[in-house]
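On a predicted model such as this, the values are computed, not experimentally measured, just so you know. By convention here, the first residue in the shown sequence is residue 1.
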Amino acid sequence: MAICCWKKADDDSIVPRQRKRKGTLPGRVGLIGFLFRRLLAAIPTVLLVSVAVFLLIRMIPGDPAMVMLGEGANDAALSAFRSELGLDKPLPVQFIVWAEHVVRGDLGRSILLGQPVSMLVLDRLQLSAMIILLAVAVASVLAVAAGLLAAWRQNTLTDVGIVALATVGLSLPSFWIGLLLLFVFGIKLNWLPVVGYVSFSEDPAQAWRFLVLPVLTLVVVEVGVLTRMARASAVEVLRLEYITHARAKGLPERTVLFKHALPNAFAPTLTMIGIVIGALLGGIAVVETVFTLPGLGRLLVEAIYGRDYPVIQGCLLVIALAYVVVNLVVDLLYPIFDPRIGLE
């Protein structure tokens, strides 16, 4: 564990100093070692998720062969179709065959669409990732500013108002917010399109108009959670001795807040941002359904209704991998925002 203390850097700032434990690898070597250890730790997680996904989707009532061929299909046709898809083999054999293809980058072919699952998932993931990253970026900026202001004005009307708005925002379901925004900005004011989607390759300007309401919906939903976390972290940091020391030196309050308090208070909020991104990857289907967007979440819902096993497995596996990658990126960014933490 790293031991931290504070030192006076110059006449205008106080920065943390870190005493590194002997044996800690600095620089590029330490970063590569950290990445290697995290990737090794992620392998069991991905394996367990894969097994869970494989087993759970086969507990869904319904027969993919019956869905594809229709209820009027005879037993011979159903048996031949199950044999073609490999559904007549034991579950362990099915899993081993699927895992071997996944290692080679082949997620199979969609039963309903007849297209490679890898192409479908990557195509839909681009839209979902764009919406999520834009929403989280906007929500993070608003939340950090609001949380820092609420902590600075703790126990005042400003603090109470910000906390109240954050609580209301995180209490409202995303589908209700989306429908409300559609009604106001799409139907009543007629400022933005209501249904459909235009890709960026066809018309970039029009594509941005279709993304405004989905992004705004997710911002309203997630800004409350991030604001409460940012406020709690900032309140804790503002009570520390080095903040009192900085104020005693006569530094401007703006310098105290943004140069000394914010970097150390942002680290817990960064963790929450990673959790939010992972949660949105798995739960964006609601927003995509409300706004009829062809994203990854909607593809997953359609595959579940159609008992399209390869697509379900591919979508859930990609979501799990994305969650692991997001957590890894958050761990790498931690030392940048909190100098007391090193890559150990």
Side-chain angles (χ1 to χ4, degrees), residues 2 30-50 52-53 121 125-148 151 166 169-170 174 214-237 261-288 295-297 300 315-344:
L31 178 60
I32 294 175
F34 175 78
L35 287 172
F36 182 73
R37 291 193 301 271
R38 286 308 309 270
L39 291 175
L40 285 180
I43 292 177
T45 302
V46 174
L47 181 60
L48 290 175
V49 170
S50 302
V53 168
V121 171
L125 180 62
Q126 295 178 16
L127 177 60
S128 299
M130 183 180 301
I131 295 174
I132 291 173
L133 294 178
L134 285 174
V136 172
V138 175
S140 300
V141 173
L142 296 177
V144 169
L148 192 61
L170 61 89
S174 58
V215 170
L216 183 58
T217 300
L218 294 181
V219 168
V220 174
V221 172
E222 302 301 338
V223 72
V225 178
L226 296 177
T227 298
R228 291 169 65 92
M229 175 59 71
R231 177 191 177 276
S233 302
V235 167
E236 181 179 356
V237 170
L262 179 58
N264 295 309
F266 183 70
T269 306
L270 180 63
T271 301
M272 182 59 66
I273 290 174
I275 296 174
V276 166
I277 293 176
L280 288 179
L281 281 172
I284 196 175
V286 176
V287 173
E288 291 178 350
L296 183 64
L300 178 59
C315 290
L316 294 180
L317 183 63
V318 168
I319 291 173
L321 291 176
Y323 209 112
V324 173
V325 172
V326 168
N327 286 331
L328 178 60
V329 172
V330 169
D331 288 341
L332 292 176
L333 292 177
Y334 239 101
I336 297 177
F337 295 98
D338 193 342
R340 296 169 296 179
I341 298 175
L343 297 177
E344 299 185 0

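- Nearest heavy-atom pair, Cys315 versus Leu296, reported as atom, atom and distance to 0.1 Å: SG-CD1, 3.7 Å.
- Under the 4.5 Å side-chain criterion, counting only non-hydrogen atoms from C-beta, Met272 is in contact with Val225.
- Between the CG atom of Leu226 and the CG atom of Leu142 there is a distance of 10.0 Å, given to the nearest 0.5 Å.
- Inter-residue side-chain proximity for Ile275 and Tyr323 is flagged as met; some heavy-atom pair is nearer than 4.5 Å.
- Between Ser233 and Thr269 the shortest heavy-atom distance is OG-OG1, 4.3 Å.
- Glu222 contributes atom CD, which lies 11.0 Å from atom OG1 of Thr227 (distance to the nearest 0.5 angstrom).
- Atom CZ of Arg231 sits about 11.5 Å away from atom CG of Leu148, to the nearest 0.5 Å.
- Side-chain contact between Val144 and Leu262 is present, with at least one heavy-atom pair separated by less than 4.5 Å.
- Evaluated for a side-chain contact (heavy atoms from CB on, under 4.5 Å) with Ile319, the options Leu125, Val49, Leu281 yield exactly one hit, Leu281.
- Remark: Ser128 engages Glu288 in a side-chain hydrogen bond (donor to acceptor under 3.5 Å, both in side chains) (not counting sequence neighbours).
- Put simply, CD1 on Ile284 and CD1 on Ile131 are 5.0 Å apart, with the number rounded to the nearest 0.5 Å.
- Counting all heavy atoms, side chain and backbone alike, Val219 lies closest to Ala135 at CG2-O, 3.5 Å.
- The CE atom of Met229 sits 8.0 Å away from the OG1 atom of Thr271 when rounded to the nearest 0.5 Å.
- Interatomic distance, OG of Ser140 versus CD1 of Ile277, reported as 7.0 Å (0.5 Å rounding).
- Summarising the geometry of Gly297 relative to Ala285, their closest heavy-atom pair is O-CB, 3.5 Å, with the distance given to 0.1 Å.
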